[in-house]
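Here is the structure we will look at, set down as structure tokens.
Please read all numbers here as calculations on a predicted model, not as lab measurements.
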Amino acid sequence: MAYVGQPIPTTVYNVNAGKVSDGKSVRVTVPENTTIEAGKFYMLDGFLGCAMQSVTTGAGQTAEVVLSIEQAEYETDQIDTTQNFAKGTKIYWDNINKRFTETETGNRLAGIVTQSKDANNVICFILAPQV
């Protein structure tokens, strides 16, 4: 810290002044007439992540919800159960059906499968970076 009378003049720059968070989660807007369940995946405001709270909005209402967007391993059953989801398969987010799919066309890259689909149609995957 600079002070008056110090032997060597210095200038202090707050290099982290622009940092808001670690970027592991983001607040997004929930549109009207939408139900968000905690623990499920959603794509809101251009971010794909796991909802940390449950929120329900009615006609003419909006709300905020926190999505975890951390590049980490997640477990989900929000998948197209007709597909294989073998370990190492790239998966995509189908925003029309609100589930993960192996179909690339028209869908957003979401991650890669780390544990194949089990008998309960559950997979583990690593969420892809958001940018």
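For Asn84, the side-chain contact (heavy atoms from CB on, under 4.5 Å) test picks out Glu102, with sequence neighbours left out. Here Phe85 pairs with nothing under the ring-ring contact (aromatic ring centres under 6.0 Å, His included) rule; sequence neighbours left out. Evaluation of the side-chain hydrogen bond (donor to acceptor under 3.5 Å, both in side chains) rule for Thr82 yields Asp80 as partners, not counting sequence neighbours. For Ser68, the side-chain hydrogen bond (donor to acceptor under 3.5 Å, both in side chains) criterion is met by Tyr74, not counting sequence neighbours. Every residue two or more places apart in sequence or in another chain that forms a side-chain hydrogen bond (donor to acceptor under 3.5 Å, both in side chains) with Asp94 is listed here: Asn97. Remark: Gln71 engages Ile126, Pro129 in a side-chain contact (heavy atoms from CB on, under 4.5 Å) (not counting sequence neighbours). In this view, Tyr92 satisfies the side-chain hydrogen bond (donor to acceptor under 3.5 Å, both in side chains) rule with no residue, not counting sequence neighbours.
For residues 52-74, the salt bridge (charged side-chain N to carboxylate O under 4.0 Å, His left out) pairs, not counting sequence neighbours, are Arg27-Glu64. Sorted by first then second residue, the salt bridge (charged side-chain N to carboxylate O under 4.0 Å, His left out) pairs that include residues 38-58, not counting sequence neighbours, are Lys40-Asp77.
Distance alone, capped at 3.5 Å, is enough to place a donor-acceptor pair between the Thr114 side chain and the Cys124 backbone. Between the side chain of Gln78 and the backbone N or O of Arg99, no donor-acceptor pair lies under 3.5 Å. Side chain of Thr62 to backbone of Pro31: no donor-acceptor contact under 3.5 angstrom is found. Checking side-chain atoms of Lys90 against main-chain N and O of Glu104 turns up no donor-acceptor pair under 3.5 Å.
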Quiz prompt | Candidate pair Thr29 and Leu44, rule side chain to side chain contact (heavy atoms under 4.5 Å, CB included), full reasoning | solution = CA-CA 7 Å; Thr29 304; Leu44 298 167; over 6 Å; no
Self-check item: side chain to side chain contact (heavy atoms under 4.5 Å, CB included) between Lys98 and Trp93, intermediate numbers included
Solution: CA-CA 7 Å; Lys98 311 297 185 205; Trp93 179 251; 4.1 Å; yes
Identify each donor-acceptor pair in which a side-chain atom of residues 46-56 lies under 3.5 Å from a protein atom, sequence neighbours left out, and give them as a table.
| unit_1 | atom_1 | unit_2 | atom_2 | d |
| --- | --- | --- | --- | --- |
| Gln53 | OE1 | Val66 | N | 2.9 |
| Ser54 | OG | Ala38 | N | 3.0 |

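With a 4.5 Å cut-off on side-chain heavy atoms, Asn95 and Arg108 do not count as touching.
For the atom pair Glu75 CD and Ile123 CD1, the distance stands at 9.5 Å (nearest 0.5 Å). Taking CD1 of Ile36 as the reference point, atom OH of Tyr42 lies at 5.0 Å (rounded to 0.5 Å). Distance check, rounded to the nearest 0.5 Å: OG1 of Thr34 to CD of Gln61 gives 10.5 Å. Going from atom CZ of Phe125 over to atom CD1 of Ile91 covers 5.0 Å, rounded to the nearest 0.5 Å.
With hydrophobic clusters built from ILVMFWY side chains whose heavy atoms lie under 4.5 angstrom apart, Ile79 shares a cluster with Met43. Note: the hydrophobic cluster containing Ile69 also contains Val65 (ILVMFWY, side chain heavy atoms under 4.5 Å, direct or indirect links).
Here the shortest heavy-atom pairing between Lys117 and Asn121 reads CD-OD1, 3.4 Å.
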